[in-house]
Protein chains: 2
Amino acid sequence: MRVAELSRRTGVSVASIKYYLREGLLPPGERTSPNQASYGEEHVRRLRLVRALIDVGGLSVAGTRDVLAAVDADDVALHHVLGATQDALLGEPAATDDDATERAGKLLDDLVARRGWRVTPTNPGRRAVVEILATSERLGTDVLAGLLDTYAETLEPLARREVGAVVARSDREDVVESAVLGTVLGAGLISALRTMAHESASAELASGAAPPPEG
Amino acid sequence: MRVAELSRRTGVSVASIKYYLREGLLPPGERTSPNQASYGEEHVRRLRLVRALIDVGGLSVAGTRDVLAAVDADDVALHHVLGATQDALLGEPAATDDDATERAGKLLDDLVARRGWRVTPTNPGRRAVVEILATSERLGTDVLAGLLDTYAETLEPLARREVGAVVARSDREDVVESAVLGTVLGAGLISALRTMAHESASAELASGAAPPPEG
DNA sequence: ATAGATGGAGAGTAGAACTATCCGCAGTGG
DNA sequence: CCACTGCGGATAGTTCTACTCTCCATCTAT
């Protein structure tokens, strides 16, 4: 198929498709003559993935390019792809090093040791957690620090199930794509479901702590 | 104190402080003469809150303004503030209405009914969840849909504890600020901790499913 | 043969978040 | 008293991102 059809089938403008081609988010089509090309189903699929990561996952074009490069490099391990995805999702936080940061780092290290988690020192999540805890301390709020253990306890079995669901896939391409989607869309899904659960819990509390509405 | 000191104590440039004043993120200082003003501790605190929401929470300047306006309007209820915060955090997703969206909506409604959650139809999280589920279906992945119940089951007690921790605060100002910080920074914290848990779970699985590293 | 895509490249645009420059007045040290 | 640095307020300029537009020399279908 040609750009016009690719555009029609994905809802992405031809101009944007050309832009994504230039930026390397989309592989070039197969040449049919020196200056004509044709695109296949894999382009449709890839383009939809790109839009999902950008629109729903909130990744930048550059971040998406990096993630997809990791997905395409089929010689790298799954954890590499996940690392790239997490980098794109969490961004590069500014490295400050004050008292609050140090205390936050210690708090997290203790937690990791206590629960026996196996995380590498370069895990992008680690930096992000430390920064958030430090920020929260600087603002004088202890709500998050107080809930840290609860978060870890809750997320541990959840993460196990997520990883289990992803590796259950048959071929590598599928595993990798599921991992990326699960990481990016899953984060959004959890965040959004959490706000729903907040409203529900808050309504419950306000109405006298009677869990189900009727029955 | 005057801008220079406010700038020094918060690490925000004078130019940015002026910008935030113009945009209404920061209330004007107290006039000491027709064209001089002085700022207090509350400005320091507010400015730090602004930077936390923007830098760590990833909110836009406009979103931050809206959230702070809700925080300041002390006649509105807590759930109003939370609604504004969730709006700023989740953004306004494009309203598409195809088969996938409809199925996703049904899937979520069933879940809500099954668990007896009390969420209003206008909850911003609802739109976001539906959009993510629909996107995931369009991409042909069923990983998220399969985990939906697990997510809900996991988040329900977590949300209850979070709401409990927030309302345990004494005065309203404190409750509101904790709620905002808990929502925004908590989302980031969960997301980051989750990636750590993923790495840990993945390492566990790779090394033969022996949960703790040693012992 | 000709009207309408197409590929490729470069320039242009819109929005967000600052950042810089000006100007007239304020407060302060000498 | 007065030079001088700082301040507030307003406007204009900058940088970055993610497109979007315009060309033009083909190519393709009719």
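Below, chain A is the first sequence line, B the second, and so on; all start at residue 1. Note that this is a predicted model, so its numbers are computed, not measured. Note that these values count all heavy atoms, side chains included, but never hydrogens, waters or copies made by symmetry.
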Salt-bridge test for K18(B) and E23(B): reply yes if a basic N is under 4.0 Å from a carboxylate O, no otherwise. no
Nearest whole angstrom, please: distance from the C1' of dA5(C) to the CE of M1(A). 16 Å
Which whole-number value in Å describes the distance from L21(A) CG to dC19(D) C1'? 14 Å
Looking only at heavy atoms, which two atoms of G125(A) and T195(B) are closest? And how far apart? CA-OG1, 3.4 Å
From the candidates dT28(D), dG7(C), dC7(D), the one with an atom nearest any side-chain atom of S33(A) is dT28(D)
Between D98(B) and T101(B), a side-chain donor and acceptor under 3.5 Å: yes
Write down the distance between OH (Y39(A)) and C1' (dG8(C)), rounded to a whole number of angstrom. 10 Å
Which heavy atom of G188(B) sits nearest to which heavy atom of I132(A), and what is that distance? C-CD1, 3.4 Å
I17(B) CD1 - dG9(D) P separation (whole Å): 14 Å
Counting only side-chain nitrogens and oxygens, does R31(A) get under 4.0 Å of the OP1 or OP2 atom of dT26(D)? no
Between dA18(D) (C1') and E23(A) (CD): distance, integer Å: 9 Å
For dG4(C), does OP1 or OP2 lie under 4.0 Å from any side-chain N or O of R2(A)? no
Once base and sugar-phosphate atoms are separated, protein heavy atoms under 4.0 Å mark nucleotides 9-24 of chain C, 5' to 3', with B, S and - as -B------BBB-----
Scanning both residues in full, the closest heavy-atom pair of V81(A) with A70(A) reads CG2-O, 3.5 Å
At what distance, to the nearest 0.5 angstrom, does CD of E156(A) lie from NE2 of H198(B)? 12.0 Å
L26(A) CG - dC19(D) P separation (whole Å): 13 Å
